[in-house]
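To keep things clear, I will list the structure first and then write my remarks on it.
Computation of the quantities below employed the complete heavy-atom set of this structure, encompassing side-chain atoms and omitting hydrogens, waters and symmetry-equivalent molecules. Treat the numbers as computed from the prediction; the structure is a model and nothing was measured.
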Amino acid sequence: MSSLLSSAFTLPATKTDHLSSISDKNHILQSFSHKKTYKYNSRAIKKSTIKNVVSGNGLFTQTSPEVRRIVPDKTQNQNLPIIKIVYVVLEAQYQSSLSAAVQSLNKTANFAQYEVVGYLVEELRDEKTYKSFCKDLEDANIFIGSLIFVEELAIKVKNAVEKERDRMDAVLVFPSMPEVMRLNKLGTFSMSQLGQSKSPFFQLFKKKKQGAGFADQMLKLVRTLPKVLKYLPSDKAQDARLFILSLQFWLGGSPDNLVNFVKMISGSYIPALKGVKIEYSDPVLYLDTGIWHPLAPCMYDDLKEYLNWYGTRRDASQKLKSDNAPVIGLVLQRSHIVTGDESHYVAVIMELEARGAKVIPIFAGGLDFSGPVEKYFIDPITKKPMVNSVVSLTGFALVGGPARQDHPRAIEALMKLDVPYIVALPLVFQTTEEWLNSTLGLHPIQVALQVALPELDGGMEPIVFAGRDPRTGKSHALHKRVEQLCTRAIRWGELKRKTKNEKKVAITVFSFPPDKGNVGTAAYLNVFASIYSVLSDLKNDGYNVEGLPESAEALIEDVIHDKEAQFNSPNLNVAYKMSVREYQQLTPYATLLEENWGKAPGNLNSDGENLLVYGKQYGNVFIGVQPTFGYEGDPMRLLFSKSASPHHGFAAYYSYVEKIFGADAVLHFGTHGSLEFMPGKQVGMSDVCFPDSLIGNIPNIYYYAANNPSEATVAKRRSYANTISYLTPPAENAGLYKGLKQLSELISSYQSLKDTGRGAQIVSSIVSTARQCNLDKDVDLPEEGVEISVKDRDLVVGKVYSKIMEIESRLLPCGLHVIGEPPSALEAVATLVNIAALDRPEEGISSFPSILAETVGRDIDDIYKGNDRGILKDVELLRQITEATRGAISSFVERTTNDKGQVVNVSDKLTSILGFGLNEPWIQYLSNSKFYRADREKLRVLFGFLGECLKLIVADNELGSLKQALEGKYVEPGPGGDPIRNPKVLPTGKNIHALDPQSIPTTAAMQSAKLVVDRLLERQKADNGGQYPETVALVLWGTDNIKTYGESLAQVLWMIGVMPIADTFGRVNRVEPVSLEELGRPRVDVVVNCSGVFRDLFINQMNLLDRAIKMVAELDEPEDQNYVRKHALEQAKTLGVDVREAATRVFSNASGSYSANINLAVENSSWNDEKQLQDMYLSRKSFAFDSDAPGVGMTEKRQVFEMALATAEATFQNLDSSEISLTDVSHYFDSDPTNLVQGLRKDGKKPNAYVADTTTANAQVRTLAETVRLDARTKLLNPKWYEGMLSTGYEGVREIEKRLTNTVGWSATSGQVDNWVYEEANTTFIKDEDMLQRIMNTNPNSFRKLLQTFLEANGRGYWDTSEDNIERLRQLYSEVEDKIEGIDR
């Protein structure tokens, strides 16, 4: 960079001053300094550099507006009037420009002196600052506001300015929320009619129109109106003209423009200056869009002219000018350029050029960058991109900035461009020091506006590249971050330029928990079969995959077993041995790991002398095994509240991939590894955050399950991943087997013979068979031999029938997905049936069950209720509706498939089917049933929708998208979530994103939440002697809230009796209490445990929750009607704190840490007793979020946490999609506090544990024990499920073992697992000799773990069984040990 700056060119004074001022100040920040010189969270800035600027108010933004106050010199021009200006802006880039303008006026103007003070909108959260703002307004002449888009702060500004508006001489508000825009007043011009008036100006602000075109229309209007208005005589027209000129001056932003702006307003509207002639010049207009380079003589409107200038530059080397240089496009904000706050842009341009890349930096004056992207980055003739990758330095969404976004328009432009799209961030609401010292990282509002929204456009890599100076408000480059950003942008661009044959790809698989039977773990994915499918495809495509084995099985053998045993490795194949010296040279942050792990090499992934990298290389492809966290087996480490750093072996792996193997890209294979969960800031990494150090400069592509957008988002933000979604396996109904099948047959007999003499006999057979199937825990069965009256028989049979139909119709993912193998049409039937079961009122689609219920004159919700109560005729009717739905949809799917079961040109077939009328397959099917009169029009709309869904389900783009990413192309973004609720998740192979965090909970989510909460409270009341629970302890998950648009978040709000209120833009930033009359019950207290991922994604919503709970605690209501207040007052008294602090109820992990670690302890059998697991939960989950001091991050408040939990009478979790249930993943029991609460309660009473199940249209609230039983029956013990798993081979055995281990987890945290579950599992997998041999031979390591889990369940007292069973398990364990030793030998 220095070589470029020392060329013949000299920067304008402001730039050189600024660049040198950075090095002069003691800004030895992490990001300016060499990597080795600092420790974690070092407060590297000397305090003296920012004296009086920062006040410890617990908020994110701690700067003081005093640095923006300019007071005229009292000794000069004492007789001139003093005019006071107060301004409020979103970002600080106007600060230096406006300050310069006012200082220049105070020196030169002979008509007035100016006092000015500026506030950043975020500073107004601080009560003290807000008071001083109100005070400043009391004697202000002019108020200016701009880009005020955060509702709670907009309301504060409106309330303060409104009081003084009539007294002030001028109020100018530039684009902001409507309620603030209405404050505008300039003479006769006002905007109080905003949104109602017919004038073109007001029409612009109508909600509907504020999409992409809004900014463009606004700019055109701003250019043309003054000319038109000039010739209209009325005052009104002249005032309107001056308002528009003001907007032009403001958007022009330079000190000169702002001087003339202040002169114009002063001369026209300040009474003290009436009659004084004040000359001002017209606004200097800049291009609305164009190309800007700090060394160029002007802004360019034409790409050719810019490139001509570039080719003649004297300061640039020939290499930079050559056609072979990589070309990077930059997107800039014009306001930073015109206000002279562009040194961070300059630094990026210089850094890219120093690294040999050409730069095309484009800008826009409005908030729509899609036009300029197409105009300047795409060759108009060939339509090919002129750039290899694009970096937006604005931080905003491509279209719409902080207001309304138009993502489809952005995606359309970026798909035309088709290159990687990176959105980097300048700090907006924090100074550099505030960000460095924050464990959270970026301010939550900036995360919502500048990380979450650009992700919806397909933006990646939210790297913070610029900081903010607390004094001048100017941005400055963070040089270490700029280096990384530029290197990564060039590396992504290189993927477009390199040939396939020379590209190197490192595929990374996971092994979790660490065991040889677990290499290649990923949710729902057959990893090795998928890798084999990917590599075969890459090989055919021209990639060098030399020596790829003949089959996926052979590939497993290659990676897992060391064939030559050249390093006599005990298990995995060693690909590389790294000496400690080499490791230290390649890994600059190695010394930071010593605090946790001692000196290298340590004892993980090491042979005592070297660090070992496990894996196998085939040509230019390396398949490596990511090391694990390393502390899974250490109970003491699992107890620490903050997670340990990565170990040396982990760091060595990534150093090898980047610097020795030399990967052009790394492909993380499946959900999920541990890289993105390493300690560091939540969002907006600095260079001492481990995910950032580990991934280094390698482009990261990550296959992620489509139904897990929350963890995928963590991978995007913390490990800079381009996440590509894959499908979960096709779902099927669980069906019935063994005794359950027999029960179903008995019930059929009962229905046809109940009125004959055999009725009583059949009922007693039903009761005894139900007992044998252990249904007596779920259904209240009469005692054996008791006479049942004819009336009660139907009810007994109805309840058993309802239970087995619940089991039969439960959806399960069958087998494991293989990348590149979409489901066949018939496999898609169960998914379509479930898509058809939901009403979609916003799209005008009725659910299939509701259409059929109407046909027989019933309401589907009534049938669901009757079924749940066990009313036999309703259970039977629901079964008929379910069967008719399945049959009609199957007949539809059969008509769109060929002989091989593949879907063929669905659209043509659909058109013909939908045109048939009488021949429509679903009509033909229903004509033979009682539903033959179903509403045809509704069915036609529904099947039109289902046809679209079918196309999406069978589409295959997972391999295609991977190849696009590897070729440096743009991967189309799409939402993650549950395809049944939101078919837009399909087809997979999209760059998966979450949602705008401020958009939840939605109105629909609130409706569903009310239903579930009412059912939960009714159920608890019934189980609790008619008493409402005083406190419910519950969990909030990231993915669940994305899939359901905030249902579980809404449940918490409804428990405490508040409603969310959305602003003009549909964002939820405040709540209002519902009156006790309307609520009709007491407000229930809550203890909210947020997962680490929810904390990362929804910190704004944690803030909202905490504010809501504290507001409820302060309501003046009787304590027996407001349990939040009741408990907060008691706790405040005990702890000696105020009520607000005592009402702390929103908890999670420490920033940068995830999970309670109970799952790790259980999976690795590294725990002594349940007390130890409970201590882990308390030490890791007791970090509170405080809305009164949000900038402090997560603070440990264990005492309040324990006291709040001790009042809980119920624990509660949600299940919201069919493919993940309680025993499928370990997260659910990891977050379960049931036994812990019992230990904390003074009366030692165990709380009732409930699980809401909203996976079907008929939402249920069951006890935890009922849910565990349902899960065991439909998965672990169900032949359909385990045979589906075993058909996938090695990985399938592991899936079976995992379910059993997770069942033990539930025994450990809740004690809610029945003995028969373990007994039946033992009968199924161990006593059946054929089954035993199959599992043992397919994956001996996982089989060993299965035996160990059975023995552990018995040893810990969770399973009581015969001594023979235990003896057999011990004997098998020693046999399989020998077998494994033999294999490895």
Side-chain angles (χ1 to χ4, degrees), residues 55-62 122-132 134 152-153 155-156 159 439-440 444 1030-1034 1052-1053 1055-1058 1069-1076 1082-1090 1095 1099-1148 1150-1151 1178 1181-1208 1240 1242:
S55 55
N57 57 8
L59 297 171
F60 277 89
T61 306
Q62 301 195 350
E122 268 303 305
E123 292 169 347
L124 300 180
R125 283 184 197 279
D126 181 38
E127 273 318 302
K128 214 168 97 201
T129 308
Y130 183 62
K131 279 195 183 119
S132 98
C134 295
E152 50 197 302
L153 300 173
I155 290 169
K156 282 185 136 179
N159 292 343
T439 53
L440 293 173
E1030 291 201 1
T1031 306
V1032 176
L1034 48 92
V1052 183
L1053 296 175
M1055 283 179 198
I1056 62 172
V1058 301
N1069 283 315
R1070 60 192 183 98
V1071 291
E1072 283 177 4
V1074 174
S1075 69
L1076 285 169
R1083 301 185 195 277
V1084 175
D1085 198 359
V1086 288
V1087 187
V1088 186
N1089 161 16
C1090 302
R1095 173 207 61 207
I1099 198 108
N1100 286 300
Q1101 268 42 30
M1102 284 172 76
N1103 190 0
L1104 185 78
L1105 267 186
D1106 188 62
R1107 285 190 353 239
I1109 293 165
K1110 287 174 174 165
M1111 172 178 81
V1112 168
E1114 291 179 317
L1115 291 174
D1116 186 8
E1117 292 176 341
E1119 288 179 28
D1120 63 345
Q1121 289 299 300
N1122 182 338
Y1123 298 136
V1124 183
R1125 180 166 179 77
K1126 175 185 170 182
H1127 299 150
L1129 288 169
E1130 288 165 7
Q1131 288 152 8
K1133 200 168 158 190
T1134 312
L1135 295 169
V1137 295
D1138 66 12
V1139 171
R1140 281 184 79 78
E1141 190 172 337
T1144 298
R1145 297 287 185 270
V1146 183
F1147 297 91
S1148 184
S1151 300
L1178 288 171
K1181 283 289 180 185
S1182 55
F1183 288 78
F1185 183 81
D1186 181 0
S1187 56
D1188 295 334
V1192 175
M1194 308 303 297
T1195 322
E1196 190 160 20
K1197 293 198 177 162
R1198 182 156 167 173
Q1199 207 177 356
V1200 185
F1201 187 45
E1202 290 188 21
M1203 287 175 81
L1205 279 173
T1207 64
L1240 292 171
K1242 291 193 179 101

Closest approach of [X] and [Y], non-hydrogen atoms and distance?
| X | Y | answer |
| --- | --- | --- |
| L1205 | L1240 | CB-CD1, 3.7 Å |
| V1139 | A1128 | CG1-CB, 4.0 Å |
| A1142 | V1200 | O-CG1, 3.9 Å |
| R1107 | E152 | NH1-OE1, 3.3 Å |
| S1151 | R1095 | CA-NH1, 3.8 Å |
| M1102 | S1148 | CE-CB, 4.3 Å |

Side-chain donor/acceptor of [X] to backbone N/O of [Y], under 3.5 Å:
| X | Y | answer |
| --- | --- | --- |
| N1089 | A1033 | no |
| D1106 | S1187 | yes |
| R1083 | G1057 | yes |

Quick check for you: to the nearest 0.5 Å, what is the distance between [X] atom [atom1] and [Y] atom [atom2]?
| X | Y | atom1 | atom2 | answer |
| --- | --- | --- | --- | --- |
| H1127 | T1207 | NE2 | OG1 | 4.5 Å |
| R125 | L153 | CZ | CG | 4.5 Å |
| K131 | D126 | NZ | CG | 9.5 Å |

I1099/N1103 under side chain to side chain contact (heavy atoms under 4.5 Å, CB included): CA gap, chis, key distance, verdict: CA-CA 6 Å; I1099 198 108; N1103 190 0; over 6 Å; no
Under the rule for side-chain contact (heavy atoms from CB on, under 4.5 Å), what residues qualify as partners of A1108, not counting sequence neighbours? L1053, I1056, V1058, V1071
Give every residue pair that meets the salt bridge (Lys or Arg N to Asp or Glu O under 4.0 Å) criterion with at least one member in residues 1123-1146, sequence neighbours excluded. E1030-K1126, D1085-R1145, E1114-R1140, R1140-D1188
Non-hydrogen side-chain atoms of [X] and [Y] separated by less than 4.5 Å:
| X | Y | value |
| --- | --- | --- |
| V1032 | Y1123 | no |
| C1090 | V1146 | yes |
| V1087 | L1034 | no |

Using the side chain to side chain contact (heavy atoms under 4.5 Å, CB included) rule, take D1186 and T1144 through it: C-alpha gap first, then chi angles, then the decisive distance, then the call. CA-CA 7 Å; D1186 181 0; T1144 298; over 6 Å; no
With sequence neighbours excluded, tell me which residues meet ring pair (Phe, Tyr, Trp, His ring centres under 6.0 Å) with F1201. F1147
Does CD in Q1199 sit with more than 12 non-hydrogen atoms of other residues, nucleotides or ligands closer than 6.0 Å? no
Quick one: do F1185 and M1194 satisfy side chain to side chain contact (heavy atoms under 4.5 Å, CB included)? Show the steps, please. CA-CA 5 Å; F1185 183 81; M1194 308 303 297; 4.1 Å; yes
